[in-house]
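Here's the structure we're looking at; comments come further down.
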Amino acid sequence: MKIESVDLFYLAMPEVRDIGDGSQDMLLVRVRTADYTGWGECEASPLTSIASFVCPMSHSACHPVHYSVIGQDIEKPDDIARITANVRANSLDLLQSDHTLSGIEMALWDLLGKRFEQPVYNLLGFRHAELKSPYASVLFGDTPDDTLRKASDIRRQGFTALKFGWGPFGRSTLADDADQLHAAREGVGDDGVLLVDAGTAWVDDVEAAALRLPALEDARVLFLEEPFVAGALRSYRELAARCNGLRIAGGEGSHNAYVAEHFIDHSGAGYVQIDTGRIGGIGDAKRVADYARKRNVQFVNHTFTSHLALSASLQPFAGVASDWLCEYPTEPAPLAVALTRDRVAVDRNGFVAPPEAPGLGMELNLKAILKYVQDVEITVNGKTLYSTPELVQ
Ligand SMILES: [Mg+2]
């Protein structure tokens, strides 16, 4: 099979608000051979990523992403690894290319799974998928009362694990943060699993983060995510050494497997969180999951958007029982909800698993997302490099 086309679609909500919610817009990827179609989603700024796909070559290590993908043979998983390696070599100096590659790589797995009539996790070598405990992933409320209400609602929906993140947490006073944490613990209940995402609030300031440790430990938070920006590994390590029971999590910013492996080796974190829509796709995420397991670091998906992205993010650790947690977006924007007819459903006992259907197992509802498609054209000297393709044909 030859890759005949790669189509990128920029979708967005009518209003994109200045909040920590990455589901408000989307870069959707469609890859086609003569007989099969695969879909993927980049965790990315859509327009910048489209530019990286079509831009003119700057020099030999700065080709547009399409240069390494269109026309390539795709018969087996090794071909995906070859295409990935080519994108990385040919677009070495084009920093957005990892984001763009991620959605394409994901779509190639979807396409191969459909070709072989197997779920992607089978193609990755897992015979079956283990059940995961989904944690509902939501933003902190504006006030502790809002947070308490949110936590109680989510608990009533059947989730036993809950992660609050971003919002005012870490950007307010110590007392306010402590109130938020106690409200979250009260809402999730004594027996619930409580997780906190600081959203890089303290950049690399260990002392500012350490001030919150007593309240975090008092609220029995299982892990504190991203206290610092992605590369601040020394700060991660110093904070991890000062924790009592609390573990540190991070790694969502990894845009290739090496970055994630350095995080595992040097951060002191107990959890590594990988977004298949950013790290380069399912293959790199699987490599990190395998690496983490050998070093007693738990692999967790990072997913805050659609169920297409969620299915993709579950594949790299689908067969690993010890990686038992799974991020589960519970308040995505209507666009992300509308994308798929299928869902990664939470079962009666509160567990999830990736779909058993071929590929990523997600049928898309293209008609429902048509209204979110952004009409884009990129021209250089009168030559059109990109115009929004037809979504429904
Ligand atoms: Mg996060």
Side-chain angles (χ1 to χ4, degrees), residues 1-16 18 22 24-74 80 82-108 110-111 255 277-278 280-281 305-306 308 333 335 338-339 364 366-393:
M1 300 189 289
K2 275 216 180 323
I3 299 175
E4 295 192 348
S5 65
V6 176
D7 293 316
L8 307 182
F9 300 92
Y10 173 10
L11 301 113
M13 293 298 296
E15 184 198 0
V16 174
D18 190 2
Q24 302 180 90
D25 68 4
M26 174 187 298
L27 182 63
L28 181 65
V29 180
R30 177 177 66 198
V31 175
R32 289 196 284 206
T33 61
D35 297 316
Y36 296 95
T37 300
W39 294 94
E41 184 186 338
C42 306
E43 172 64 28
S45 151
L47 193 54
T48 344
S49 304
I50 290 173
S52 76
F53 189 74
V54 299
C55 60
M57 174 182 69
S58 295
H59 54 79
S60 59
C62 202
H63 281 274
V65 174
H66 79 77
Y67 174 82
S68 312
V69 183
I70 307 275
Q72 292 294 309
D73 284 323
I74 173 82
I80 301 180
R82 174 178 52 77
I83 292 166
T84 294
N86 285 340
V87 171
R88 289 243 158 86
N90 296 323
S91 303
L92 182 72
D93 283 350
L94 210 172
L95 296 188
Q96 192 67 18
S97 63
D98 294 308
H99 292 255
T100 314
L101 165 65
S102 299
I104 296 170
E105 202 261 15
M106 205 184 278
L108 289 171
D110 187 37
L111 188 148
H255 48 82
R278 185 181 293 174
T305 57
S306 72
L308 176 66
L335 154 64
L339 178 69
L364 268 52
L366 300 180
K367 290 212 169 86
I369 56 167
L370 256 185
K371 63 181 174 188
Y372 301 112
V373 174
Q374 306 295 296
D375 188 19
V376 177
E377 189 166 278
I378 302 175
T379 60
V380 175
N381 291 335
K383 188 182 168 208
T384 301
L385 299 182
Y386 173 90
S387 64
T388 301
E390 288 291 325
L391 182 62
V392 181
Q393 286 155 323

Q.
Per the side chain to side chain donor-acceptor pair (under 3.5 Å) rule, what does the pair list look like for residues 46-72, sequence neighbours excluded?
A. S45-T48, S49-Q96, S52-T100, H59-D93, S68-N90, Q72-R82
Q | side chain to side chain donor-acceptor pair (under 3.5 Å) pairs, two or more places apart, involving residues 369-378 | A | none
Q: Evaluate side-chain contact (heavy atoms from CB on, under 4.5 Å) for T84 paired with L108, printing each intermediate quantity in order.
A: CA-CA 11 Å; T84 294; L108 289 171; over 6 Å; no
Q) Do D25 and Y10 come within less than 4.5 Å of each other through their side chains, counting heavy atoms only? A) yes
Please round to the nearest 0.5 Å and tell me the distance separating atom [atom1] of [X] and atom [atom2] of [Y].
X    : Y    : atom1 : atom2 : answer
L385 : I50  : CG    : CD1   : 12.0 Å
T384 : I378 : OG1   : CD1   : 10.0 Å
I74  : L111 : CD1   : CG    : 6.5 Å
L11  : M26  : CG    : CE    : 6.0 Å

Return the minimal non-hydrogen interatomic distance between [X] and [Y], and the atom names on each side.
X    : Y    : result
L94  : S97  : O-OG, 2.7 Å
A368 : A338 : CB-O, 4.0 Å
E43  : H99  : O-ND1, 2.8 Å
A107 : G40  : CB-N, 3.6 Å

Q) Who pairs with D7 by side chain to side chain contact (heavy atoms under 4.5 Å, CB included), at least two apart in sequence or on another chain? A) S5, F9, R30, R32, P389
Q: Please name all residues satisfying side chain to side chain contact (heavy atoms under 4.5 Å, CB included) with V6, sequence neighbours left out, ordered by chain then number.
A: I3, L8, V29, V31, F53, V69, I70, I104
**Q.** N/O donor-acceptor pair under 3.5 Å between S102 side chain and G280 backbone
**A.** yes
Q. Excluding sequence neighbours, so at least two apart, what forms side chain to side chain donor-acceptor pair (under 3.5 Å) with E41?
A. T305, S306
(Q) Could you go through L366 and W39, starting from their C-alpha distance and side-chain angles, then the distance that decides it, and tell me whether this counts as side-chain contact (heavy atoms from CB on, under 4.5 Å)? (A) CA-CA 12 Å; L366 300 180; W39 294 94; 3.9 Å; yes
**Q.** Listed partners of R88 passing salt bridge (charged side-chain N to carboxylate O under 4.0 Å, His left out), at least two apart
**A.** D98, D284
